[in-house]
Protein chains: 2
Amino acid sequence: MTRTIFEKSDAITLVAEVFRELGYEGASMSNITARTRLSKGSLYHFFPGGKEEMAAEIMANIDAWFVNEMFKPLEEDDPRAAIARMWETTDTYFRSGRRICLIGAFALDETRDRFAGAIQAYFYRWIEALAGALMRACVTTAEANALAEEAVVGIQGALTLARALGDDGIFGRTLQRLRERVEARLT
Amino acid sequence: MTRTIFEKSDAITLVAEVFRELGYEGASMSNITARTRLSKGSLYHFFPGGKEEMAAEIMANIDAWFVNEMFKPLEEDDPRAAIARMWETTDTYFRSGRRICLIGAFALDETRDRFAGAIQAYFYRWIEALAGALMRACVTTAEANALAEEAVVGIQGALTLARALGDDGIFGRTLQRLRERVEARLT
DNA sequence: GCTCTTATAAACCGATCGGTCTAGTGTGGC
DNA sequence: GCCACACTAGACCGATCGGTTTATAAGAGC
């Protein structure tokens with residue numbers, strides 16, 4: 001047969017969405033095959049290590065995306081411009097709160113223990129990159145660290161509450177509040 | 001045999017901890033029996049509806065606890081005192097960030113669809129109760145709503161990041177930041 | 001001391017789990 | 001044309017899943 005040909009990058013994207021919807025434990029192989037239309041043969045061809053390898057590659061993929069689109073700009077580009085873009089990127093990536101943070105979700109249950117390093121590194125770098133940009137924009141070290149932590153905490157919390165309440169507005173309102181708070185220190 | 005006698009309230013507490021650690025899908029019946037030392041016989045005696053009934057009763061139990069210890073005081077008692085106690089209650093209940101919010105965790109994956117009503121009601125009441133207390137303490141409606149939303153968002157986000165980073169300090173720092181922000185509007 | 005109720009233990013069930021394996025199909029290099 | 005290889009379909013495996021059933025032990029009421 002071999003009807004539709006997938007590349008590994010397609011597989012990563014498709015499987016990622018299933019993990020996002022169902023969680024690590026909730027995403028069974030039959031769920032994954034059903035929702036992605038990828039057969040078990042294809043999945044184990046791309047990911048010989050099974051679910052664990054899928055999840056690891058998906059997280060690495062997400063991390064790489066954030067590094068390119070958000071962390072490196074924060075670390076290297078004009079800080080004010082990079083911070084301004086961060087709000088847009090965040091809103092787009094999480095689809096105004098309708099899409100959750102897979103890495104944050106993995107952190108909550110014992111799935112965390114499997115991927116503790118990757119989870120920690122992702123959030124650590126986000127906070128560090130934002131704090132660094134703030135410092136380069138002449139915010140004091142203490143204030144920069146507090147603001148960066150507050151921003152990432154707020155984003156994660158807003159993602160939880162957006163889904164919990166089924167409220168499309170809360171993510172945007174939180175992002176706006178955080179942005180104002182940050183910009184108040186920049187002027 | 002019938003060695004140790006459990007009451008249903010004991011069972012709820014024990015099983016709740018397993019759901020908290022493993023998530024709804026990750027908590028299998030054999031996991032639950034192993035970690036709680038309750039046999040399947042006991043579990044199905046207390047919860048004929050199986051996992052779903054367990055989770056529903058656990059959430060009702062958590063909700064009732066919050067209503068008594070936090071929401072009703074916010075709604076009925078002296079607002080400043082109730083808000084001050086809310087920070088303490090929150091820090092104690094979540095053990096300074098070492099314990100996650102089960103209801104928030106359920107909100108992230110498709111487990112939410114099973115319990116959407118209970119999840120929504122819990123967070124809605126928390127935000128409403130806090131906003132109400134702020135208004136009774138003479139904060140304007142708009143500010144009260146924004147502050148209440150920000151507080152609950154911040155708490156949930158801090159719980160995620162505390163586990164993600166394995167950082168014992170972030171929950172306390174976030175709580176302190178929120179408390180100062182709220183108190184700045186009360187004076 | 002008998003019975004009725006509550007609580008427990010564990011064997012057992014069909015379904016589904018994660019994962020393996022075989023038998024392909026289609027494509028590019030030569 | 002044909003071979004090597006990337007990819008796919010799905011039957012199949014033992015283990016574990018959520019859930020049921022049977023048997024029985026310990027009080028409580030009388």
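Chain A is the first sequence line, chain B the second, and so forth, proteins listed ahead of strands; every chain is numbered from 1. Since the structure is predicted, the reported quantities are computational estimates derived from the model, not experimental observations.
- Atom CZ in A:Arg37 sits roughly 13 Å away from atom P in D:dT8 (whole-Å rounding).
- B:Ala105 pairs by the side chain to side chain contact (heavy atoms under 4.5 Å, CB included) definition with A:Leu108, B:Ile100, not counting sequence neighbours.
- Between the P atom of D:dA6 and the CG atom of A:Leu38 lies a distance of 18 Å, rounded to the nearest Å.
- Under a cut-off of 6.0 angstrom, the local environment of NZ in A:Lys8 is crowded, with over 12 non-hydrogen atoms contributed by other residues, nucleotides or ligands.
- To the nearest angstrom, P of C:dT8 lies 13 Å from NZ of B:Lys8.
- Applying the side chain to side chain contact (heavy atoms under 4.5 Å, CB included) rule to A:Ala146 yields the partners B:Arg177; only residues at least two apart in sequence or on another chain are considered.
- For the side chain to side chain donor-acceptor pair (under 3.5 Å) condition, no pair includes a residue of residues 76-85 of chain B, sequence neighbours left out.
- Regarding A:Lys40, its NZ atom lies at a distance of 19 Å from the P atom of C:dA23, rounded to whole Å.
- Within residues 41-51 of chain B, the residues approaching DNA chain C are B:Gly41, B:Ser42, B:His45, B:Phe46, by heavy-atom distance under 4.0 Å.
- Atom pair A:Glu53:CD and C:dG19:C1' shows a separation of 13 Å (rounding to whole Å applied).
- For A:Tyr93, the side-chain hydrogen bond (donor to acceptor under 3.5 Å, both in side chains) criterion is met by A:Arg20, not counting sequence neighbours.
- Put simply, the side chain of B:Phe171 does not reach to within 4.5 Å of the side chain of B:Leu161, judged on heavy atoms.
- The side chain to side chain contact (heavy atoms under 4.5 Å, CB included) search around A:Ala107 returns A:Ile119, B:Ala164, not counting sequence neighbours.
- Note on residues 43-52 of chain A: pairs passing salt bridge (Lys or Arg N to Asp or Glu O under 4.0 Å), not counting sequence neighbours, are A:Glu52-A:Arg114.
- The stretch residues 25-62 of chain B participates, sequence neighbours left out, in no ring-ring contact (aromatic ring centres under 6.0 Å, His included) pair at all.
- B:Glu69 is linked by a side-chain hydrogen bond (donor to acceptor under 3.5 Å, both in side chains) to nothing, counting only residues two or more places apart in sequence or in another chain.
- Within the structure, every pair that satisfies the side chain to side chain donor-acceptor pair (under 3.5 Å) test and touches residues 159-168 of chain A, not counting sequence neighbours, is listed here: A:Asp167-A:Arg173.
- When the side-chain nitrogen and oxygen atoms of B:Ser39 are compared with OP1 and OP2 of C:dA9, one or more of them lie within a distance under 4.0 Å.
- Axis orientation changes by 10° from one end of the helix from C:dG1-D:dC30 to C:dC30-D:dG1 to the other, with each end axis drawn from 5 pairs and the value rounded to 10°.
- The stretch residues 24-33 of chain B has no heavy atom under 4.0 angstrom from DNA chain C at all.
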